[in-house]
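Every chain is numbered from 1, with letters handed out A, B, ... down the list of sequences.
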There are 2 protein chains.
Amino acid sequence: MSSHKRASSPKRKPTIREVSRHAGVSTATVSRVLAGLGGASEATQQRIETAVKELGYQRNRMASGLRSQRSTLVGVVIPDLQNPFFTGIVGGIEEVLHEAGYTIFLANSASDVDRERAELQMLQSERICGLLFIPSSASAEAYQDLCDGELPVVAIDRVPGGLALDSVTVANEAGAFQGVTHLIEAGYRKIGLVNGPDEIVVARERGTGYRRALQDAGLKLRPSWMASGSFQSESGYELTKAMLSKKNRPEAVFVGSFVTALGALRAVTELGLKVPDEVALMGFDDMPWAAAMNPPLSVVAQPVREIGRSAAKLLLERLEAPDLGIRSLVLNTDLVVRESCGTGV
Amino acid sequence: MSSHKRASSPKRKPTIREVSRHAGVSTATVSRVLAGLGGASEATQQRIETAVKELGYQRNRMASGLRSQRSTLVGVVIPDLQNPFFTGIVGGIEEVLHEAGYTIFLANSASDVDRERAELQMLQSERICGLLFIPSSASAEAYQDLCDGELPVVAIDRVPGGLALDSVTVANEAGAFQGVTHLIEAGYRKIGLVNGPDEIVVARERGTGYRRALQDAGLKLRPSWMASGSFQSESGYELTKAMLSKKNRPEAVFVGSFVTALGALRAVTELGLKVPDEVALMGFDDMPWAAAMNPPLSVVAQPVREIGRSAAKLLLERLEAPDLGIRSLVLNTDLVVRESCGTGV
DNA sequence: CTGAAAGCGCTAACAT
DNA sequence: ATGTTAGCGCTTTCAG
């Protein structure tokens, strides 16, 4: 039997050395030209370009980064790759980072603290120059070291404890207030709340907004109309079903997240209740298909793309000026009235 | 005014050199231990571990990769970060790659050929060890160089032209056939098709499946009941609305993608038609919220996660055995009957 | 305007 | 079982 060797020719990637030989200059010159530092005659510049093309040369980022101790890699960690709220944010981040010549390295923490820690580690050993992340945990300790390090970091959507970090968040309380107030103005008096877990800051804030809206309107709170579970569809389904099955049921329900609202809608339908005639629904967070739902869902919309964009800009600014003071950006929500709350069109 | 210096101490990341000094051994030993190559006494092993912890050492991947000429970075390119079909695939990929100790580098081509080319370039200069991608273009030329290179690549969901590439695709034609046949067996005779663009292979295949199902059942095709547009929700809305507004309208509509089905559902609702009583609906591709829709949508489900998993496995196998022959995996769809096609529950 | 040379932090022979 | 050494491919002084 013939000995088995690697089939294809070893055709390694061309190095800067080969380009330089090809162009009859030194590697230093090639490096300079490639870095766009000018200071080279038209002629050499030309020859180098040609050589690069002919050889199909591509800069080896490992070597380059190692030597220059710089990187244009920005780490992005989100809790769920499948949640359009998060991917929408990533879209916004990409938009501005790409424009600025940075590359994003996306990691998925799967809402798991250990997993998140591992990804964070990985990103750092990848020598990213900055980090954008949506924390999976509310415990500040988990991120204390991040703040201590010199890596520029901005937290998105939620800021655990009182961490000294740049951040971009959403005015959840004001948003919920706005949504519930709209319901009240539309004439509803008996308004329920189906919320996410109280441990999650954004859910708590939305709950507060709900309560404040009711109280401001002189309506009193009914514990039996206030439920909280997880941010899953199933939880929304069960909580809503239970709430609407009571003898004295609310005429409107404010639901704390989009996914939960899906479940709520299912519950309402299953109970044979008409939306919005028998029960109005208002969700939090908008999705491309909210308008395609049946009925089209009214929501308090978060400026998803803008959240990402702002966070990226914050990071870019800090990259330029590391000594900047800490900045917290709070973005406002938009009320999107469709048909599920009885006041649409 | 005092001169302004960088505020924090320069606190650079510790290098392997420092760890080695700290532990009183050579860098080689540290490197070996860290690589888990054994061959070190318990004692040193212990001391090294301690040193690593104390210093908070993290291996510099650039240096490591540069030296060893290896990488465990796998590039993944998808056309749309916001499309749950694609992110679902990424989820599957992650699952197996993570398990195998690889890191994924996700890039977004935004369905733009130029952008895709740029991302592909970037990934290669990042020295990835393999590539998984969902092509944005159907033109084989755009990817010819990818096949020629020695980089292991697997194409997902669609394979441009007759490219010599490992691939994982879905049995679109069979899936559509299955879905439409179900409609026929449920008693529908007048079945319309609202499809994606004919230029896209998957749409074409689904159209073929639709036609074959009708013909096999002895039903004849009506051009006025067959529409194709884009894979956007808006397109589904318009096409469906137009089709159902005709005097002689179909009693069931097979819709070529999930997003399009959303639009179709909206059109049907706007027309005041009851689903499934007046018109049945069957979509292609399943989503977490399909069941939460109103009515719950019946669909031909693609094994999203499995697609990702298989692709990743294919890549892993090729990484081990680069000389393997080219393999094309075709995955089957599942019929998920819910209420929109009148035969559910 | 260009080149020589010195590493960045790490790994892998090769010694011991 | 551990240390020595020679680079990986690139950037960046420092000289010319």
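The side chain of Arg32(B) has dG3(D) as its nearest neighbour among dG3(D), dT11(D), dC10(C). Between dT4(D), dG9(C), dA12(C), one nucleotide has an atom nearer to the side chain of Ser26(B) than all others, and that is dT4(D). Listed nucleotides dG9(D), dA12(C), dC10(C) differ in distance to Gln69(B); the shortest reach to its side chain belongs to dG9(D). Side chain of Ser68(A), nearest nucleotide from dT12(D), dC10(D), dT2(D): dT12(D). Nearest to the side-chain atoms of Ser41(A) among the listed nucleotides dG9(D), dT2(C), dT2(D) stands dT2(C). Out of dT13(D), dC10(C), dA12(C), the shortest distance to the side chain of Ser64(B) is found at dC10(C). Distance from the side chain of Ile16(A) is smallest to dC10(D) among dG9(C), dA1(D), dC10(D).
Considering only side-chain N and O atoms, Arg59(B) lies under 4.0 angstrom from the phosphate OP1 or OP2 of dT11(C). Taking side-chain N and O atoms only, Arg67(A) has no distance below 4.0 Å to OP1 or OP2 of dT13(D). For the OP1/OP2 pair of dC8(C) and a distance below 4.0 Å, the side-chain nitrogens and oxygens of Thr15(B) include no atom meeting the criterion. The side chain of Thr44(A) contributes an N or O atom lying less than 4.0 Å from OP1 or OP2 of dT2(C).
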Practice prompt. Test Arg309(B) against Glu306(B) for salt bridge (charged side-chain N to carboxylate O under 4.0 Å, His left out), laying out the working first.
Written response: CA-CA 5 Å; Arg309(B) 260 194 248 112; Glu306(B) 186 53 35; 2.3 Å; yes
Worksheet item: Can you check salt bridge (charged side-chain N to carboxylate O under 4.0 Å, His left out) on Glu119(B) and Arg115(B), steps first, answer last?
Response: CA-CA 6 Å; Glu119(B) 297 289 350; Arg115(B) 171 87 187 261; 3.2 Å; yes
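The residue among Val30(B) and Gln45(A) whose nearest nucleotide of DNA chain C lies closer to the 5′ end is Gln45(A).
Within the 4.0 angstrom heavy-atom criterion, base atoms lie near Ala28(A).
Taking only distance into account, the side chain of Arg127(A) never meets the base of dG9(C) through a donor-acceptor pair shorter than 3.5 Å. Judged by atom type and distance alone, Arg61(A) does not reach the base of dG9(D) through any side-chain donor-acceptor pair under 3.5 Å.
Looking at Ser71(B) and Arg127(B), their side chains never bring a donor and an acceptor atom within 3.5 Å of each other.
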